[in-house]
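Written out below as structure tokens is the structure these notes cover.
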Amino acid sequence: METFPKIISVDDHTVEPPHVWRDRLPSRYRDTGPRIVRAPLKEMTFLGGKFAPVMGAKGDDGPIGDWWVYEDLHRPLTRLDTAVGYDRDEIRLEVITYEQMRPGSFSVPERLADMDVNHVQSALCFPTFPRFCGQTFTEAKDRELGLLGVRAYNDWMVEEWCGPLARGRLIPLTLVPLWDARLAAEEVRRNAARGVRAVAFSEIPPHLGLPSIHTDAWDPFLQACDETGTVIAMHIGSSSRMPSTSADAPPAVGSTITFANCCFSMVDWLMSGKFERFPNLRIMYAEGQIGWIPYILERANVVWEENRGWGGVADKVHRPPSELFAEHVFGCFFDDAFGLKNLDSIGVGNVLYETDYPHSDSTWPKSREVGEAQMGHLDADVVERIVRGNAIDLLGLTPEGLWPGA
């Protein structure tokens, strides 16, 4: 291509600096709220989609890493959290310290510099320690502390990560207290009032012990999103259960089929009736890729057309699922040549681009080159929409692709 549009990535990640909760929680929570402890690793496995680290005691043998400690939780920073800049064959599941990670993982100026290297103008970032939709706070025992932890993260996200230093190039994505839909609605409205247009949510809430979207339990939250134009962003793994086939399956199995949770989730939403009850609702699937979407839409249409009577959806889904998808659902990809070859079956307006910085799957620093190679058969106006135009419209950015709340 003669020119390639400046990228707006709708799925990158931030590694929270140590001070996020230390500086924002009441002093009485200093010893129980999230804090960084440097300690050795005793053991760590990642099999069957389950990550199981064990922190050693001071003086124990083992590699030293920085750990987030919160109530009884011990979660290390790992090379998989921030792998860009390393050869793919050198990336291991190992603990690291902040000094051993790329500074752009947690520092705004260095992040902007790495975005420049990668032809990226703006980026929306998912969390690391809270996990992709704030499951860490949902699983905590102290609900008061959990709510304060969610709000503290959101304040840091809006005021610091996406603050003046970012110059509108970092787009805020906030969390909600998933254990209470009314509190979640309040948090959506609190952040929408300061210009936030995206909120993280779980792809499959029942995996977290929460109600499914087929109930009315989430309606206060959905109503708030509908009224404020807040997009519901669901990242693979936001149900705390990555797809796998057996307890001893290596991570490569789950990595190959990571899209599966997005697939299951999208069918849930299409058959839930929520899009007809909340007509302004928009959802997006981060890191789920797009090549699987055409068949699912075809199959969902067939089921709705032929089986909706006994399928339990005739009274709430009154239009073909493919029509609902076109108006309400967005798929996100960073490396999906097959999906781009079948773009007509997905919809040009339903696709968003991402770079996944700083994770091991990231196309950094060659996201432009990957895009040029995979989109070379598309017209320039189509490439413009995929790489930035759709994100501008969905996230309420300025025509220049910047977050207007900065």
Side-chain angles (χ1 to χ4, degrees), residues 133 178 181-182 184-185 199 201-227 229-236 238-245 257-286 288-333 338-339 342-352 394:
C133 68
L178 293 167
R182 295 193 180 279
V199 63
F201 190 65
S202 174
E203 62 209 347
I204 308 176
H207 287 347
L208 303 178
L210 300 170
S212 82
I213 61 162
H214 299 289
T215 71
D216 60 4
W218 294 108
D219 285 3
F221 165 69
L222 301 182
Q223 183 70 42
C225 293
D226 179 86
E227 291 176 358
T230 300
V231 180
I232 296 176
M234 292 172 282
H235 195 285
I236 57 167
S238 55
S239 59
S240 295
R241 188 183 302 179
M242 294 297 287
S244 190
T245 55
I257 57 175
T258 51
F259 73 92
N261 281 356
C262 296
C263 173
F264 299 159
S265 175
M266 191 178 82
V267 176
D268 252 352
W269 281 91
L270 293 176
M271 298 298 186
S272 69
K274 298 302 184 185
F275 293 140
E276 296 185 67
R277 290 192 59 198
F278 304 104
N280 297 315
L281 206 57
R282 302 292 184 271
I283 67 173
M284 56 170 271
Y285 288 101
Q289 313 301 339
I290 59 174
W292 52 273
I293 292 175
Y295 171 71
I296 293 301
L297 293 180
E298 178 183 278
R299 177 59 184 166
N301 277 354
V302 169
V303 170
W304 178 82
E305 185 68 40
E306 299 184 1
N307 301 326
R308 61 181 179 268
W310 63 262
V313 297
D315 61 338
K316 58 184 179 181
V317 182
H318 304 107
R319 298 167 56 197
S322 60
E323 291 185 11
L324 298 173
F325 172 89
E327 295 177 7
H328 298 274
V329 185
F330 295 80
C332 312
F333 77 101
F338 181 82
N342 294 276
L343 190 60
D344 288 345
S345 298
I346 302 169
V348 172
N350 297 86
V351 174
L352 306 169
L394 182 65

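What you see is a predicted model; the values in this text were computed from it and never measured.
- Take Asn301 and apply the side-chain contact (heavy atoms from CB on, under 4.5 Å) test, not counting sequence neighbours, and it matches Pro320, Pro321, Ser322.
- Counted within 6.0 Å of CZ on Arg182, heavy atoms from surrounding residues, nucleotides or ligands total 12 or fewer; the atom is thus considered open.
- With Trp304 contributing its side chain and Val317 its backbone, the two residues share a donor-acceptor pair below 3.5 Å.
- Taken from CZ in Arg282 to CZ in Phe330, the straight-line distance is 6.5 Å, to the nearest 0.5 Å.
- Ile257 contributes atom CD1, which lies 6.0 Å from atom OG of Ser244 (distance to the nearest 0.5 angstrom).
- In this structure, Ser239 and Glu203 approach most closely via the heavy-atom pair OG-OE2, 2.8 Å.
- In this structure, CD1 in Ile290 is found 6.0 Å from CG in Leu343, a value given to the nearest 0.5 Å.
- Note that CD1 of Ile204 and CG of Asp268 are 7.0 Å apart. Values are rounded to the nearest 0.5 Å.
- Within the 4.5 Å cutoff, side-chain heavy atoms of Ile296 are placed close to those of Met266.
- A perpendicular orientation is assigned to the rings of Phe201 and Trp269, their planes being inclined by more than 60° (bins at 30° and 60°).
- Heavy-atom contacts from other residues, nucleotides or ligands closer than 6.0 Å to CG of Asp344 number 12 or fewer.
- Under the 3.5 Å distance criterion, the side-chain polar atoms of Asn261 are left unmatched by any main-chain donor or acceptor of Ile236.
- Between His328 and Phe275, the ring planes lie parallel to each other; the angle is under 30°, not in the 30° to 60° tilted range.
- Listed for the Ser202 side chain is a donor-acceptor partner under 3.5 Å among the backbone atoms of Ser238.
- Between the side chain of Ser265 and the backbone N or O of Cys262 there is no donor-acceptor pair closer than 3.5 Å.
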